[in-house]
Amino acid sequence: MARVPAAAPHVLAEVMNPIRNAPRALIRRHRARRTSPAAELAPRSRPWTRAVGLVAVVLLGAWLGLLIVGDVRVPVGPMNTTMTLRPSLTGGTKINVSPLGALQLDSHVAPVRLDVNVDQLDPGRAQALVDHPERLSGLQDEVARDVEHGTLDLAVRSCVAVVTGATALGLAVYRRPRRALAAGGLALTLLVASGGTAYATWNPDSVLEPKFSGLLSSAPSLVGNARSIVTEFDVYQKELARLVTNVTKLYDVTSTLPAYQPDPTTIRVLHVSDIHLNPASWKIIASLVEQYKVNVIVDSGDTMDHGTAAENGFLDPVEDLGAPYVWVRGNHDSRATQEYLEGLRNAHVLDDGRARTVAGLRFAGIGDPQFTPDRSKPEGAEASQELAGARLASALRDQSAAGTPVDVAVAHEPSAAREVDGEVPLVLAGHVHREDMEVMKYGTRLRIEGSTGGSGLRAVEGEHPDPIQASILYFDRDSRRLQAWDEIKLGGLGLTTAEVSRHLPKENQPGATPSPTGTGPSGTAPSGPTPGPP
């Protein structure tokens with residue numbers, strides 16, 4: 001019997017083991033396929049789907065982080081404030097000043113908004129200022145340092161907040177540390193990019209045109225008088241801290257709403273239009289006259305709706321508004337309406353280009369040539385408006401030649417008002433039920449007022465009620481030129497919102513250089529400002 005080598009069994013085992021184990025491996029593979037068939041059928045996730053999911057996790061986590069821990073409490077001068085970054089499509093800065101309302105500034109364009117809440121006045125620090133008035137001289141520098149430190153703290157805390165929020169949510173969703181860290185890194189990158197965009201688009205001049213919302217009666221006190229617009233607004237434009245300083249003074253003086261102190265060198269004109277028989281308009285006008293110490297009211301027409309004699313009694317409150325009432329006829333006002341208004345005390349009716357001096361300003365106007373409710377006569381459309389505007393322009397030239405130039409012209413329709421371009425510094429109109437302002441080709445500024453009656457009965461025709469609009473125009477008493485204007489917008493029927501926006505003509509903004517006077521269509525130098533954006 002031959003001997004088998006000792007290594008032979010091992011070689012044989014290595015050959016036979018795979019053969020013996022093959023059925024078991026096949027069974028295990030079959031069972032795996034049978035227990036989880038969906039694993040083979042499930043499609044592989046696409047890269048863009050994973051990317052979209054990651055971005056959603058990053059944005060939601062960053063927002064939650066900012067919401068929970070992304071604010072800082074900062075003492076700014078004698079006040080305690082809270083600064084917060086919030087996601088936003090338009091950017092900007094919002095300063096909440098309780099109980100007066102809020103200021104909104106178009107300070108930057110970025111997907112984040114800076115919210116500053118003025119929480120309360122610190123009694124100890126405020127009393128120290130009262131006891132030591134000399135400290136007020138350094139208050140603005142102190143406020144500036146506080147705001148700077150608060151902004152740095154907010155930036156650091158916001159970075160921590162967005163990274164922590166995105167990382168935590170990424171870990172909860174993906175359960176993989178690498179994915180979670182990627183989410184946190186992407187959140188930090190987005191925040192830094194947003195901060196860089198805000199820095200690149202930062203507009204320090206945004207404090208020149210703040211938008212006020214909240215209690216309407218407090219707005220004049222926050223805005224200040226028209227004289228200080230030109231002489232002192234360069235102080236406000238330096239930095240946001242100066243606005244906080246002004247708010248400090250308000251809290252320091254009184255806990256109630258401060259009274260508005262008018263500047264005796266400023267003429268304040270309340271421009272209203274298109275009341276359309278809304279009885280609430282008279283109370284609103286009277287309130288604005290009292291709050292803003294208005295010197296004269298200008299109504300650019302459509303006070304009525306049908307112009308019938310039965311409506312004439314609606315005009316009686318004009319006598320008790322507390323300021324002279326300058327009026328031109330609109331296309332919903334009849335000749336009978338005009339005659340009735342001419343008989344009222346306090347009313348000054350303008351027509352056919354005749355000029356009147358009221359409250360230190362010289363006005364001239366012309367009534368609308370059309371009367372819409374009268375269906376027996378065909379409408380003259382634009383031709384009649386342009387003809388009326390040409391008549392007004394001719395009257396303005398005659399006034400200038402006589403040495404009594406007109407300061408403000410008034411017409412109802414903008415198409416008529418455009419005909420006086422180059423003959424007067426400012427022309428007022430209405431009719432279209434939405435406010436607008438432009439400087440025309442030859443330098444005349446056209447101001448179109450919205451509906452002070454909220455479109456009257458038409459207010460309920462649309463899905464949302466039309467707002468009630470008016471404006472305060474500030475004139476220098478010496479030059480009789482427009483210095484600034486406040487756009488006032490109240491919520492329409494059933495709403496209680498209020499908004500006031502301050503605007504400056506380009507030539508009155510700090511640092512502006514006067515432009516050379518242009519030439520009007522008649523070949524003479526116009527008395528108004530040169531063309532430029534309003």
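Values reported hereafter were calculated over all heavy atoms of this structure, with side chains retained and with hydrogens, waters and symmetry mates removed.
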Has R354 got more than 12 heavy atoms of other residues, nucleotides or ligands less than 6.0 Å from its CZ?
yes

If you take all heavy atoms of [X] and [Y], which pair is closest and at what distance?
X    : Y    : answer
R345 : E319 : N-OE2, 2.9 Å
P111 : S194 : CG-OG, 3.3 Å
L428 : V298 : CD1-CG1, 3.8 Å
P369 : S384 : CG-O, 3.5 Å
G430 : S273 : CA-OG, 3.4 Å
G91  : S88  : N-OG, 3.1 Å

Have a look at S471 and tell me which of E487, H503, E449 forms a side chain to side chain donor-acceptor pair (under 3.5 Å) with it.
E449

Sorted by first residue and then second, give each salt bridge (charged side-chain N to carboxylate O under 4.0 Å, His left out) pair with at least one member in residues 400-411; sequence neighbours left out.
D407-R480

Is any NZ, NE, NH1 or NH2 atom of the basic residue among D71 and R73 found under 4.0 Å from an Asp or Glu carboxylate oxygen of the other?
no

For A355, enumerate each residue passing the side-chain contact (heavy atoms from CB on, under 4.5 Å) test, keeping only those at least two apart in sequence or located in another chain.
R362, A364, Q399, V406

Residues which pass side-chain contact (heavy atoms from CB on, under 4.5 Å) with R391, listed by chain and number, not counting sequence neighbours
D352, I366

Using salt bridge (Lys or Arg N to Asp or Glu O under 4.0 Å) as the criterion, list what pairs up with R157, not counting sequence neighbours.
none

Taken in chain and number order and not counting sequence neighbours, the residues that satisfy salt bridge (Lys or Arg N to Asp or Glu O under 4.0 Å) with D333 are none

Give, for atom CG of D421 and atom CE of M440, the distance between the pair rounded to the nearest 0.5 Å.
4.0 Å

Could you tell me the separation between the CZ atom of F363 and the OG1 atom of T357, rounded to the nearest 0.5 Å?
9.0 Å

Have Q385 and E413 got a donor and an acceptor in their side chains that come within less than 3.5 Å?
yes

My understanding is that only residues two or more places apart in sequence, or in another chain, count here; which of them pass ring-ring contact (aromatic ring centres under 6.0 Å, His included) with H431?
H412

Verdict with reasoning, Y292 to L270, per side chain to side chain contact (heavy atoms under 4.5 Å, CB included)
CA-CA 9 Å; Y292 285 83; L270 172 60; over 6 Å; no

Looking at side-chain heavy atoms only, is the closest gap between L473 and L426 below 4.5 Å?
yes

